[in-house]
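In each ligand, atom 1 is the first atom listed, and ligand 1 is the first ligand listed.
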Amino acid sequence: MQRKFSFLSLTLLGCLLASFTTGLAQKSKVNPGGSTGPDRPRLVVGIVVDQMRYDYLYRYWNQYGETGFKRLLREGFSCQDAHFDYVPTYTAPGHACIYTGTTPSVNGIISNEWFDRESRKGVYCVNDTTVKPVGTTSISGKMSPHRLLTTTITDELRFATNDRSKVIALALKDRGAILPGGHRANAAYWHDPYLDNWVTSTYYMNALPDWVTRFNERKVADSLLQYSWETLLPIREYTQSTADDSPYEGKFKGETAPVFPHKLAELKKTDGELIRRTPFGNTYTFMFAKAALAGEQLGKGEETDFLAVSLSSPDYIGHQFGINSIEVQDTYLRLDRELGDFLSALDRQVGTGNYLVFLTADHGAVANPQYNDDHHVPAGFFEEDLLGDTLKKFLARTYLSDTLLLNVNSNAIYLNRAEIAAKKLSLEEVQSRVVQLVSSFPGVAVALSGSELGRYLQRDGIASLMQRGFNVQRSADVSVQLKPGWLDWYVKTGTSHGAAYSYDTHVPIVFMGYGIRPGATAAPVSVKDIAPTLAVLLSVENPNGTTGKAIQSIVERP
Ligand code: ZN
Ligand code: ZN
């Protein structure tokens, strides 16, 4: 961390003056823009933990160390009642919301994949057939942010410094890297598990930088999977979870029971993507993040840099084992230690107090419906196929056509608008008859038509979350939300997310480091408030679709 001597002296003088006037020594300010430039940290680090429920901060508290989550909460500022305010609460919309400061209605990322009316095919949020893979030949490299309709806070930092700031985004999942990086990232990297390469696309560059090539040559995944996954602490100490062998948990391919030790060296022979389903996917991501810090010299340039890290493995593990498993508890205990280690690496590389870090999640998760049912909590598995069949029959009977239904899943129903127009039917009327039918289906809480959601009218409750998740061009003819505890998931074990309820919307938001006073607020905060909060802290413009507001208890200077 180099600073000009004269600037240091001025800072020291400032400190002395401050201690005379307030009796408090102030932390020296780093000002990469020079003495007349804006007051900014050297580096901003965004950490998104995929599928981290807010209560995980406290559920495993007694087994956390002092340097990870507890350090964030001790030295940082925590928003205790932070929620997503749209549905569906999936990975792509979550990452987009965090970085764009707005919801799918504006940023266009309505799901991980959705039905595209024009091509009449499903589209994946970051797939892009116009770009080429870099670091792999597989289609897993044909990705870009082209479906993201607004700018991100990372884009705005680049604009603010005329592209002198570096923005690097990385995650095992492509969408966990690409959406945070926005349109103008220097690089987004994600992982091709079959080659064990961190890859990118020609959207960003034509060849991997040397530091990435060298990192890929180490074939780290192989060495991380050579041992068994044992619990970090003696297994009898995992008193916050159900028994290891529980009916709510899914098994690894090749296992006969979902129990420790998980013999990874064996399992990897039949599962080419195994690394992401273990806590060592986090280990791997942090290793690559540290390689990025060194390889790109982040936080050492003239301007503020931004490193966006998303940890994908907790989501895969949560999906497989559910929120009450020893596997999830163990994942968070390990993550806690590795987070501490990563923060220490930032302290060493950039200097304690010279970087700003925030940690949040892209959504939470619900308890397994069978677990809820066994504990007398109403819940159920939604029968998506049955809904599709019922709808098809209904439309055939009512309109004498078996081609009116184009696509259906548990939260979105797309109708054949061309046929509706050709038959001179009223779209609004067909939609509302579908709404009526779907509303009586087991597990459905609310169904609303696109015509209703598209009308500019502020709604309350679940309908308001549906409206903020509704994009006029991309969203369905009928949007559906399930009852609390209900789940649309393709197996009966493990869990998922996507709902409008607290278990999916409530996530941690903690800021720590440069310009942050320790503390907490119990005031309601929206996840879309993160980007505008960063905009104030960094003195840059808000992302261009921002509908969130800066979190006052963080940005207000006393
Ligand atoms: Zn996710
Ligand atoms: Zn997920």
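Among the heteroatoms counted here (N, O or S) of D362, OD2 is the one nearest to the Zn ion (ligand 1).
At a cut-off of 2.8 Å, measuring from the Zn ion (ligand 2), the protein N, O or S atoms that fall short of it are D315 OD1, D315 OD2, H319 NE2, H497 NE2, waters left aside.
No side-chain donor from either of Y90 and D504 sits under 3.5 Å from a side-chain acceptor of the other. If you check the side chains of H95 and D50, you find no donor sitting under 3.5 Å from an acceptor.
Partners of R474 according to the salt bridge (charged side-chain N to carboxylate O under 4.0 Å, His left out) rule, which considers only residues two or more places apart in sequence or in another chain, do not exist here. The ring-ring contact (aromatic ring centres under 6.0 Å, His included) check on Y56 picks up Y60, Y332, with sequence neighbours excluded. Among residues two or more places apart in sequence or in another chain, the salt bridge (charged side-chain N to carboxylate O under 4.0 Å, His left out) test is passed with D55 by R53.
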Problem set entry | Derivation and outcome, side chain to side chain donor-acceptor pair (under 3.5 Å), residues N107 and Y99 | CA-CA 10 Å; N107 67 37; Y99 283 87; over 6 Å; no

